[in-house]
Amino acid sequence: MSDTPVEKPVNFIRNIIDADLAENKHDSIHTRFPPEPNGYLHIGHAKSICLNFGLAQDYKGQCNLRFDDTNPTKEDMEYVESIKKDVQWLGFDWSGDICYSSNYFDKFYQYAMELIDKGLAYVCFLNAEETREYRGTLKEAGKNSPYRDTTPEENRALFEKMKAGEFEEGKCVLRAKIDMASPVMCMRDPALYRIRFAHHHQTGDAWCIYPMYDFAHCISDAIEGITHSLCTLEFQDNRRLYDWFLDHLEDFNKPDRPHQYEFSRLNLEYTMMSKRKLHQLVDDKLVEGWDDPRMPTISGMRRRGYSPASIRDFAERVGISKVDSMTDMAILEAAVRDDLNVNAPRTMGVIDPIKVIIENYPENGSIETIDAPVHPQNESMGTRQIHFGREIYIDRADFEEVKPNKKFQRLAIDKEVRLRNAYIINGTRCDKDADGNITTIYATYDPDTLGKNPEDGRKVKGVIHFVEASKAVPAEFRLYDRLFTVENPAKEDDFEAVLNPNSLEIKHGFVEPALTQATPEQGYQFEREGYFCRDNKADTLVFNKTVGLREVWNK
RNA sequence: UGGCCUGUAGCCAAGCGGUAAGGCAGCGGGUUUUGAUCCCGUCAUGCGAAGGUUCGAAUCCUUCCAGGCCAGCCA
């Protein structure tokens, strides 16, 4: 091992941090991951988690986990628990205690008062529709609210009444007084506070006014001493407001205050990252739940068999930039395969079984035990015991009655094949049912080919996997395909119409006996089939297919 | 002539005036008891387009084209 740290790929945010540190703008960096607890985290959040926590690690700084909980009508404790679990599972730890924007509700209120006193905020009684009309359009300036010139004294009293619950929901809002003609829409006197008589998962019924994102976020960052506030591209306009609030609040208008930088969110082919739409899939029961292995959620990917390391590696491979991009699924799959290829124990599972009777094997019911490597490229992983006998199962796809072409490397009548970790067999004949489906295959084996090639020098090209019949353990296999049939389902008017009807295929087959001990999240390679892990919910033996092996030969 | 942002290979992405990194995918070959892995080789006379500045431009300037985001009392 060398002690030079692994070089992380450069990106524009690292360049900014390097420059800030070089100028002594900050002594060290402090980032934050600020999810709203209104749904489960997905692979797009994982990108942000890896960025924020990863930066803190690499620069020996800090990273907070902060729940951005300013809208009690959409949030729930179920989500805060799942988010904590997912962040830890990904391998990250937050600095200090978990933060909540709601921790700062008192302070937000005081800062709102400061703006009111400075004549920079006012209570507006325009209703939602009127507010929209007054806002103008992208090309036309808005017009001032009739409540815009209320005195600070009156606004102070009005805002106190709002807090005291003396106005009904929707009656009024607190607004910043900025510029109704600004070309940046969010600067046209944005709302700071709205009235919501809603129970909050952290503050209970203490408040009936709740701050808006733009007001709360920058102040939360400033309070926590965040240096680099990283968010996605759609917040680029909001940066104007972010800076405006910090400019006008005495506590924060200082050189070392936080700055917001935006990077592009992750888009992955054949799936989507919209929390609202993922919510809909769950609510409409089109998937099993947030942790359905077909979902791009962290909990779904965990159940599917993705390791934390593979997700971190994926985040590193796609990088950070400001380009609105669509990432190829192959990059994700390559990341898991690279991890599992090194770390997954090898085993054999027959997904679509068909029985093979070895005609020249003793009929006395004896079976033999063979030591097979757990990993052919890594002896230190040891060996496991497999079995061989007169009756075995192979996969239906590994037999053709008549060898179809020269390239065919599997079993056929009068064609030899190597049984992985065991003997060479030769197909002799097969039984069929009335419909012509093959029911049993008969073969002979060469007893002198265990662990070695035939002495007579003949070459046997193909290798197929098998499980000895009497020791085989029944198992269910769940094979997954992309959730959607189109590259960018989020663009569809009705994304549910474009769901892949074949995204889940269930098969019943057999595995090696040792797999009854398999635990969820331990990835296995079923040789020649792909990577699987035991399902973390099923009571019986169920294996979820994480990803297949690369297959270049039939493309 | 509303504002902001972005265009480098099929996909992701470095590059910041000195002559196009890397990964994924692809292609060709070698090893192999997984059609896997591994190994070797190959893959942009070109950086959205056109002009210009310069000894020299993906990098600077001008114009144009394409795409994304913004009109929640959501985040």
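Any value given below was found using the heavy atoms of this structure, including those in side chains, with hydrogens, waters and symmetry copies removed. Order of the sequence lines fixes the chain letters, A, B, ..., with proteins taken first and strands second; residue numbering starts at 1 for each chain.
Between His200(A) and Phe105(A), a ring centre-to-centre spacing shorter than 6.0 Å is recorded. Two rings, from Phe215(A) and Phe245(A), have their centers less than 6.0 Å apart. A ring-centre distance under 6.0 Å is not found for Tyr147(A) and Tyr122(A).
Distances were taken from every side-chain heavy atom of Val323(A) (C-beta onward) to each of G23(B), U6(B), G2(B); the shortest belongs to U6(B). Closest to the Val10(A) side chain, of the nucleotides A25(B), G15(B), G68(B), is G15(B). The side chain of Met185(A) lies closest to C70(B), out of C70(B), C73(B), C11(B). Set against A13(B), C5(B), A75(B), the side chain of Glu234(A) has A75(B) as its closest nucleotide. Out of G72(B), G68(B), G23(B), the shortest distance to the side chain of Arg132(A) is found at G72(B).
If you check every strand for non-hydrogen atoms under 4.0 Å, Leu126(A) touches a base. Phe235(A) comes within 4.0 angstrom of a base, heavy atoms only. If you check every strand for non-hydrogen atoms under 4.0 Å, Met212(A) touches sugar and phosphate atoms only. Within the nucleic acid shown, Leu233(A) has no heavy atom closer than 4.0 Å to any nucleic acid atom. In this structure, Arg410(A) reaches the bases: a heavy-atom distance under 4.0 Å links it to at least one base atom across the strands shown. Within 4.0 Å of Asn127(A), counting heavy atoms only, lies at least one base atom of the nucleic acid. Within 4.0 Å of Ile464(A), counting heavy atoms only, lies no atom of the nucleic acid at all. Using a 4.0 Å heavy-atom distance criterion, Gln409(A) is classed as a base contact. Among the protein residues, Ala191(A) comes within range of the sugar-phosphate backbone only, with heavy atoms under 4.0 Å from sugar or phosphate atoms but none that close to a base. Using a 4.0 Å heavy-atom distance criterion, Asp214(A) is classed as making no nucleic acid contact.
In this structure, NZ of Lys322(A) is placed 16 Å from P of U8(B), rounded to the nearest angstrom. Atom NZ of Lys407(A) and atom P of G35(B) are 14 Å apart (whole Å). Between Arg265(A) atom CZ and G67(B) atom P the separation is 21 Å, expressed in whole Å. Whole-Å rounding puts the Arg276(A) CZ to G72(B) C1' distance at 13 Å. Rounded to a whole Å, the NZ atom of Lys545(A) is 15 Å from the P atom of A36(B). Per the geometry, OH belonging to Tyr213(A) stands 14 Å off P belonging to C70(B), to the nearest Å. Atom CD1 in Ile331(A) sits about 12 Å away from atom C1' in G22(B), given to the nearest Å. Between the CD atom of Glu316(A) and the C1' atom of A14(B) there is a distance of 14 Å, rounded to whole Å.
Distances shown here put every side-chain N or O of Thr70(A) at or beyond 4.0 Å from the OP1 or OP2 atom of C74(B). OP1 or OP2 of A13(B) has at least one side-chain nitrogen or oxygen of Ser321(A) nearer than 4.0 Å. Using a 4.0 Å cut-off, no side-chain N or O of Arg14(A) falls inside it from OP1 or OP2 of G15(B). Considering only side-chain N and O atoms, Arg194(A) lies under 4.0 angstrom from the phosphate OP1 or OP2 of C74(B). At U37(B), none of the side-chain N or O atoms of Asn378(A) fall inside 4.0 Å of OP1 or OP2 (strictly under the cut-off). The side chain of Arg550(A) contributes an N or O atom lying less than 4.0 Å from OP1 or OP2 of U37(B).
Annotation: side-chain contact (heavy atoms from CB on, under 4.5 Å) contacts of Asp481(A) (sequence neighbours excluded): Asn500(A).
When each of Arg346(A), Arg528(A), Glu512(A) is checked for a side-chain contact (heavy atoms from CB on, under 4.5 Å) with His465(A), only Arg528(A) meets the rule. Exactly one of Leu411(A), Asp446(A), Ile425(A), Asn453(A) qualifies for a side-chain contact (heavy atoms from CB on, under 4.5 Å) with Arg418(A). That residue is Asn453(A). Exactly one of Glu75(A), Lys74(A), Lys275(A) qualifies for a side-chain hydrogen bond (donor to acceptor under 3.5 Å, both in side chains) with Asn38(A). That residue is Lys275(A).
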CA sep, side-chain torsions, deciding dist, call: Ile351(A), Asp395(A), side-chain contact (heavy atoms from CB on, under 4.5 Å)
CA-CA 6 Å; Ile351(A) 294 172; Asp395(A) 198 278; 3.9 Å; yes

Audit row: Ile116(A), Leu174(A), side-chain contact (heavy atoms from CB on, under 4.5 Å) steps and yes/no
CA-CA 9 Å; Ile116(A) 289 172; Leu174(A) 182 72; 3.8 Å; yes

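Taking the C1' atoms as reference points, A66(B) lies 23 Å from C60(B), given to the whole Å. Taking atom P in both A9(B) and A20(B), one finds a spacing of 16 Å when rounded to whole Å. Only the P atoms considered, G26(B) is 11 Å distant from A36(B), to the nearest whole Å. Straight-line distance between the C1' atoms of A49(B) and A58(B): roughly 14 Å, to the nearest whole Å. Spacing between U45(B) and U33(B) at atom C1', rounded to whole Å, works out to 47 Å. The same atom, P, is picked in A50(B) and in U59(B); the two are 12 Å apart, to the nearest Å.
Side chain Asp237(A) to base G3(B): a donor-acceptor pair is found below 3.5 Å. At a cut-off of 3.5 angstrom, the base of G3(B) holds no donor-acceptor pair with the side chain of Arg240(A).
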Short N/O separations, protein against nucleotides 31-34 of chain B, under 3.5 angstrom:
{"unit_1": "U33(B)", "atom_1": "O3'", "unit_2": "Arg420(A)", "atom_2": "NH1", "d": "3.2"}
{"unit_1": "U33(B)", "atom_1": "O2'", "unit_2": "Arg420(A)", "atom_2": "NH1", "d": "2.4"}
{"unit_1": "U33(B)", "atom_1": "O2", "unit_2": "Asn421(A)", "atom_2": "N", "d": "2.9"}
{"unit_1": "U33(B)", "atom_1": "O4", "unit_2": "Arg418(A)", "atom_2": "NH1", "d": "2.9"}
{"unit_1": "U33(B)", "atom_1": "O4", "unit_2": "Gly451(A)", "atom_2": "N", "d": "2.6"}
{"unit_1": "U34(B)", "atom_1": "O2", "unit_2": "Gln525(A)", "atom_2": "OE1", "d": "2.8"}
{"unit_1": "U34(B)", "atom_1": "O2", "unit_2": "Arg528(A)", "atom_2": "N", "d": "2.9"}
{"unit_1": "U34(B)", "atom_1": "N3", "unit_2": "Gln525(A)", "atom_2": "OE1", "d": "2.4"}
{"unit_1": "U34(B)", "atom_1": "N3", "unit_2": "Glu527(A)", "atom_2": "OE2", "d": "3.3"}
{"unit_1": "U34(B)", "atom_1": "O4", "unit_2": "Arg346(A)", "atom_2": "NH1", "d": "2.6"}

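In terms of position along RNA chain B, the nucleotide closest to Lys491(A) lies nearer the 5' end than the nucleotide closest to the other residue of the pair Pro211(A) and Lys491(A).
Minimum interatomic distance between Lys47(A) and Leu266(A) (heavy atoms only, all atoms of both residues): CD-CB, 3.8 Å.
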Based on Watson-Crick and G-U pairs with both distances under 3.5 Å, what dot-bracket line describes RNA chain B 5' to 3', crossing pairs as [ ] and inter-strand pairs as |?
.(((((((.[[[..)..(...]]].(((((.......))))).....[[[[[..)....]]]]])))))).....

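Inspection of the Tyr423(A) and Glu368(A) side chains reveals an N or O donor paired with an N or O acceptor under 3.5 Å.
Using a 30° and 60° split on the angle between ring planes, Phe388(A) and Tyr445(A) fall in the tilted class, from 30° to 60°.
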